[in-house]
Every structure is written in structure tokens, then in C-alpha cells.
Trainee: 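Below: one structure in C-alpha cells.
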Amino acid sequence: MAYYFDQPSRTFGEYLLVPGYSSSEHMPANVSLKTPLVKYRKGQEECPIEMNIPMISAIMQSVSGDRLAIALARQGGVSFIYGSQSVQNEADMVRRVKAYKKGFVTSDSNLSPEATLADVLELKERTGHSTVAITADGSAHGKLLGIVASRDYRLSRMGMDLKVTEFMTPLDKLITAPETTSLHDCNDIIWENKLNSLPLVDANGNLVYMVFRKDYESHKENVNELLDKNKSYVVGAGINTRDYETRVPALVEAGADVLCIDSSEGFSEWQSRTIGWIREKYGDSVKVGAGNVVDREGFRFLAEAGADFVKIGIGGGSICITRETKGIGRGQATAVIEVAKARDEYFQETGIYVPICSDGGIVHDYHITLALAMGADFVMLGRYFARFDESPTNKVRVNGQYMKEYWGEGSNRARNWQRYDLGGATKLSFEEGVDSYVPYAGPLADGVQTTLYKVKSTMCNCGALTIPELQEKARLTVVSSTSIVEGGSHDVVLKNSTPSYNQG
């Protein structure tokens, strides 16, 4: 007969951390969130890739493009470029992240001289950026003709059909610099001339980069940025179990630091075949994560197959409907707790520490702390990152509120059938994800810093200054439905009735 688990399947929302003793040294400023990304012999060697924060972005079209990868690496985490695109496009995204020069921005707001004021406003609404480069062909690297900034137009006195050439600051009135100018010299030019931006052009007058005044301080503040040995940003990339023989070499050649098999269910021969091929061709030089699993057996299978890290979670994502459509999965908290025990058993047996990632089920910021306390080394987030400026999706107004589009890889929009591949037809037979919106949340840096301050603060309440110490000292309690109600505001009339969005 079928096997029945003794305990119910629980979510993060059913647990709370019980505070422990905290001394005067337990301050958020003293907390380290460093955590291993890939397997290593713990206690005998350094981890080949260690993150400065325990956050990676989901392998999704609506989340992980090259802009978000740069922004997240700047904060100390790793983004996994989505694999549900052509091999060439994914490799190009990886290449752009690795080639990115700190402070030198490829303009994402560009128009041709035929554009109008209406086009400027529409572009500003879409990108959130007020500086628009006018190039001969409207591309990011076309011949620079001028710049349009907010100071160049007055909506009350200008028609929407007015061409940009009528009000832009033309090239002959712009201060530019050669593309070879150092960042230090660029900043000097900006400050000496009281500029907000400085275009860098090549010998033919083509726009290469933009350097912005506002970025000067932010670059000085990025103490956690995650760099490789060549001082380039660390970036990951998603692969599947179908075209890995073509995709993996292209991504490795492009410079991807780590790969991850993107699949809804990882306890399969397909994943062991993929990992085996990578090990045969590259040995241990190419790092590859695998998943997703929800129990001890799934973890052991992938660890023994050679996975560098293992992802946990089936059906817990905000846009995932796998549990509704197929009836498989497990509460995320229960899954993390069991897999963490299996990870520790495997380490005791082999001396190899295989990091585990909690993927899905994060509704509030404190759920990240719970996942870490339960044994996760880091968390993968989709909805959380989809809300920010740097995600690849459009910012739109819905019922008067700014939103960002967000869709699942199993939705009809993404049609990432490879993620759900069971060896049958090469198509998405039914949906396992939805198409949706999430409330817009501004720049990634601001959101991540706020979230991590909450995590650090809670760790201090538990008397822990590192993630391993949190996992050792954490005390967790299951909560009742009434204690969940008690935990929020209750029995009062709120002054501000506008609903708030408590991220996560």
C-alpha cells in the first residue's frame, strides 16, 4: 500500500523563531551573511564560489536578465540567467554581465531623431530613466546626435508630436569623453562640469557607455559586490536536460561561473544524465546545481550524481500551480528541514558539503530567515526580484498603481516545456504556471538592503552573527492559526486603511 508520512506538510508561515540571548556584540552591523554556493570539503578547503548574501534569482524570463544579474552581483548575490531562450541569446546575456565595467552603463533608453516627445514620455514610463540618448538609428550604440533630459522639455508648452531634434541638447553642446576614459577621470569630468551624465563615444562618434553622477556614491557603497578573480561580476545560467550538449559549452565559453538545471522535479534520470555528461566533459571545473527535490531520497540522488548544490521546492512558488494541476509537492518548511538533515548526513559520511537552496514559498522577508535557520544555505527568489527596476519586464499601471509583469515558466506565455520535460512530446501539454502582476518596488539595491537588514536583525535576536551559527542556535516553534492572527495588528482601527505590500 502507499506510504503515508507521519507529520503534516508545513509552510514557513506556520513557524516562528523563539529569541535567544543576545549580547552587546549582536548588532546587525556585525552580522556576516557569507554562504557557500557550491560543494566543497568543509574544514579542509575554501569554497570555490562563496556568496556575500544568501540570495539568488530564479531562472525565469520575467526575472533574470543581464541587468538584474549585474544589480544582484553588486549586492553580493548571484543571478541565474533564464534558459528558456536561444543558446545564443543566453550566452550573449552572460557575456554582457562578464564584460560589464563598473560605472559604465550601456544605455537602455534610446530613440532615433524621428521620435517625438510622446515617445520620450512613453520610454521614461517604461524604463524609469529620464536621460534618453538620441542616436542615428535609435540603438544603444548608434551615432550619438544628442541627449534628452527632463530639463529639455516642458509638457505645458510643448506638443506631444514635437520631434526630439527640436528640443534635445545636440551633440555640439554636449560634453563627451572617449570610450577609453577611466572611471576616475569620468567622475572628475562630471563633477568639474556639474553634469548629471557623461556619454562615452568611440572614434566614429558612436555611443558606447553612459556614466551617471548618481552612480558615483552607489559604487563606493557596494562593499559586498561579488567578483571573480578577474574582477568581473559573478553570474549563473540556467540549462535544461534536452539541449545541454549545445548549451553548456556556449555558456562556459561565454564565462558563466555556475550553471543550474532548471526543472520542476529533479529526482530523475534526465538530471543524472546531464550532470554525468558535464562531469565527463569538464570534470569538476564546471559547477552545476540541480533540483528541485523535497525529501532525503531526492537530495541523496542528486548529491551522488555530482550536483554542486541542490534546490528544494515543488509547487511553492507564487506563480506555480503544479500542486493544483498535478497534486505533487510538499510544504516548503517541511521539505527544507528534511533535506537539511540529509545534507548534514551526507557531509558526515563523505566530508563533502553540498549546499542546499530553498526555492519557493517565500511570502514575507522573515521567511528568508526561517529558511536559513531550518538549514538552507541560500534562497532562490522569483516574485521578490520581479518587482524591481532591473527585472526584464515592463512597468505598467494597473488600477492607478505601478506594477511589474510576472509569469511562470510553466505558463502559456513562457511555454518552457523543457522545465517540465518527462521525455515525451516537445511541448507544454498543460499549464503549471500563471501570468500575473506584482507591485512595483523600485531599485533592487534599496529592496535587498532593507530585506537583509531584517534578516540580520532577527539573527541578532537569536544570538547569531553568521548563518551557520543561526542554524546551530535557532529555536523554532509551530504556531496555531489564532497566534498568526495575534501576530498582526488586531483589535484596533487603523489610521491608514491603504493596504501595504509586505514583500518577499
Side-chain angles (χ1 to χ4, degrees), residues 61-62 65-71 85-86 88-90 92-93 95-97 99-101 103-181 186 189-190 193 195-215 389-397 402 404-405 440 443:
Q61 295 174 8
S62 56
D66 48 310
R67 283 189 65 217
L68 190 127
I70 292 167
Q85 58 180 322
S86 73
Q88 184 62 52
N89 286 348
E90 186 179 11
D92 286 345
M93 282 193 176
R95 206 170 278 112
R96 286 197 290 272
V97 177
Y100 181 81
K101 296 162 67 178
F104 296 88
V105 178
T106 298
S107 176
D108 70 347
S109 296
N110 314 285
L111 291 172
S112 75
E114 298 301 312
T116 64
L117 177 57
D119 295 321
V120 171
L121 298 179
E122 189 276 330
L123 185 60
K124 181 180 178 181
E125 176 88 1
R126 181 153 43 89
T127 66
H129 300 148
S130 57
T131 300
V132 179
I134 308 302
T135 61
D137 60 0
S139 72
H141 299 298
K143 191 173 184 63
L144 183 64
L145 303 179
I147 294 288
V148 172
S150 297
R151 66 175 181 270
D152 292 317
Y153 54 86
R154 293 181 67 180
L155 298 181
S156 60
R157 298 190 179 184
M158 298 166 65
M160 290 293 107
D161 59 351
L162 189 66
K163 289 193 174 182
V164 292
T165 50
E166 297 295 318
F167 59 89
M168 72 181 185
T169 302
L171 180 61
D172 59 7
K173 293 185 179 180
L174 287 175
I175 295 174
T176 64
E179 62 175 318
T180 55
T181 309
C186 286
I189 294 170
I190 286 173
N193 294 278
L195 305 174
N196 289 322
S197 63
L198 176 68
L200 271 62
V201 296
D202 64 18
N204 297 317
N206 297 313
L207 179 63
V208 181
Y209 296 115
M210 297 287 291
V211 177
F212 293 94
R213 182 189 190 98
K214 64 181 175 59
D215 288 339
D389 282 325
E390 295 85 354
S391 74
T393 62
N394 295 321
K395 183 175 74 171
V396 296
R397 270 189 183 275
Y402 279 118
K404 292 274 281 185
E405 294 179 299
Y440 168 66

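Numbers here simply count residues along the sequence, with the first being 1. Model, not experiment: these values are computed from the prediction.
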Trainee: Under the 3.5 angstrom rule, does the side chain of D152 hit a backbone N or O of A149 as a donor-acceptor pair?
Mentor: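 Side chain of D152 to backbone of A149: a pair is present.
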Trainee: Please examine the side chains of V201 and K143, heavy atoms only from C-beta on, and report whether any two atoms are closer than 4.5 Å.
Mentor: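 Side chain of K143 against side chain of V201, heavy atoms only: no contact under 4.5 Å found.
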Trainee: So do H141 and T106 actually touch side chain to side chain, heavy atoms under 4.5 Å?
Mentor: yes
Trainee: Where the side chain of T135 meets the backbone of G138, is there a donor-acceptor pair that is under 3.5 Å apart?
Mentor: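 At least one qualifying donor-acceptor pair exists.
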Trainee: Report yes if the side chains of R397 and E125 come closer than 4.5 Å at any heavy-atom pair, otherwise no.
Mentor: yes
Trainee: Are any of the side-chain heavy atoms of L198 and R213 separated by less than 4.5 Å?
Mentor: no
Trainee: Mark yes or no for whether N204, through its side chain, and N206, through its backbone, hold a donor-acceptor pair below 3.5 Å.
Mentor: no
Trainee: Taking all non-hydrogen atoms of both residues, which atom of L155 and which atom of M160 are closest, and how far apart?
Mentor: CD2-CE, 4.0 Å
Trainee: To the closest 0.5 Å, what do you measure between NZ (K124) and CG (D119)?
Mentor: 15.0 Å
Trainee: For a quick test of reading the model, state the closest non-hydrogen atom pair linking A133 to S107 and the distance between them.
Mentor: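 Nearest pair, atom of A133 first, then S107: CB-OG, 4.1 Å.
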Trainee: I'd like to know if the side chain of S109 and the backbone of V132 have a donor-acceptor N/O pair within less than 3.5 Å.
Mentor: no
Trainee: How many angstroms lie between CD1 in I175 and CD1 in I189, if you round to the nearest 0.5 Å?
Mentor: 8.5 Å
Trainee: Could you check if a side-chain atom of C186 sits within less than 4.5 angstrom of a side-chain atom of F104, using non-hydrogen atoms only?
Mentor: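 Counting from C-beta outward, C186 and F104 do come under 4.5 Å.
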Trainee: Side chains of E166 and Y153: is there a donor and an acceptor less than 3.5 Å apart?
Mentor: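 Their side chains do not contain a donor-acceptor pair, so the 3.5 Å distance test is not met.
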Trainee: Locate the shortest heavy-atom distance separating L171 from L144; write the atom from each residue and the value.
Mentor: CD2-O, 3.5 Å
Trainee: Ignoring hydrogens and geometry, is there a side-chain-to-backbone donor-acceptor pair from T127 to L123 under 3.5 Å?
Mentor: yes
Trainee: Tell me, do V120 and V164 make a side-chain contact under 4.5 Å, heavy atoms counted?
Mentor: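 Counting from C-beta outward, V120 and V164 do come under 4.5 Å.
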Trainee: Working to the nearest 0.5 Å, report the span between CG of L121 and CZ of R126.
Mentor: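 Interatomic distance, L121 CG to R126 CZ, rounded to 0.5 Å: 12.5 Å.
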Trainee: Just wondering, do I147 and M210 contact through their side chains at under 4.5 Å, heavy atoms?
Mentor: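 Yes, side chains in contact.
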Trainee: Set out, in order, the CA-CA distance, both residues' side-chain angles and the distance that settles side chain to side chain contact (heavy atoms under 4.5 Å, CB included) for D161 and L117, then state yes or no.
Mentor: CA-CA 6 Å; D161 59 351; L117 177 57; over 6 Å; no
Trainee: What distance separates N110 CG from L207 CG, expressed to the nearest 0.5 Å?
Mentor: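 Nearest 0.5 Å value for the CG-CG distance: 7.0 Å.
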Trainee: N196 and T131: side-chain donor and acceptor closer than 3.5 Å?
Mentor: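 No.
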Trainee: Establish, for the pair K404 and Y440, whether the NZ or CZ atom is under 6.0 angstrom from the six-membered ring centre and no further than 45 degrees off its axis.
Mentor: no
Trainee: Quick one: does L162's side chain get under 4.5 Å of F167's, heavy atoms only?
Mentor: yes
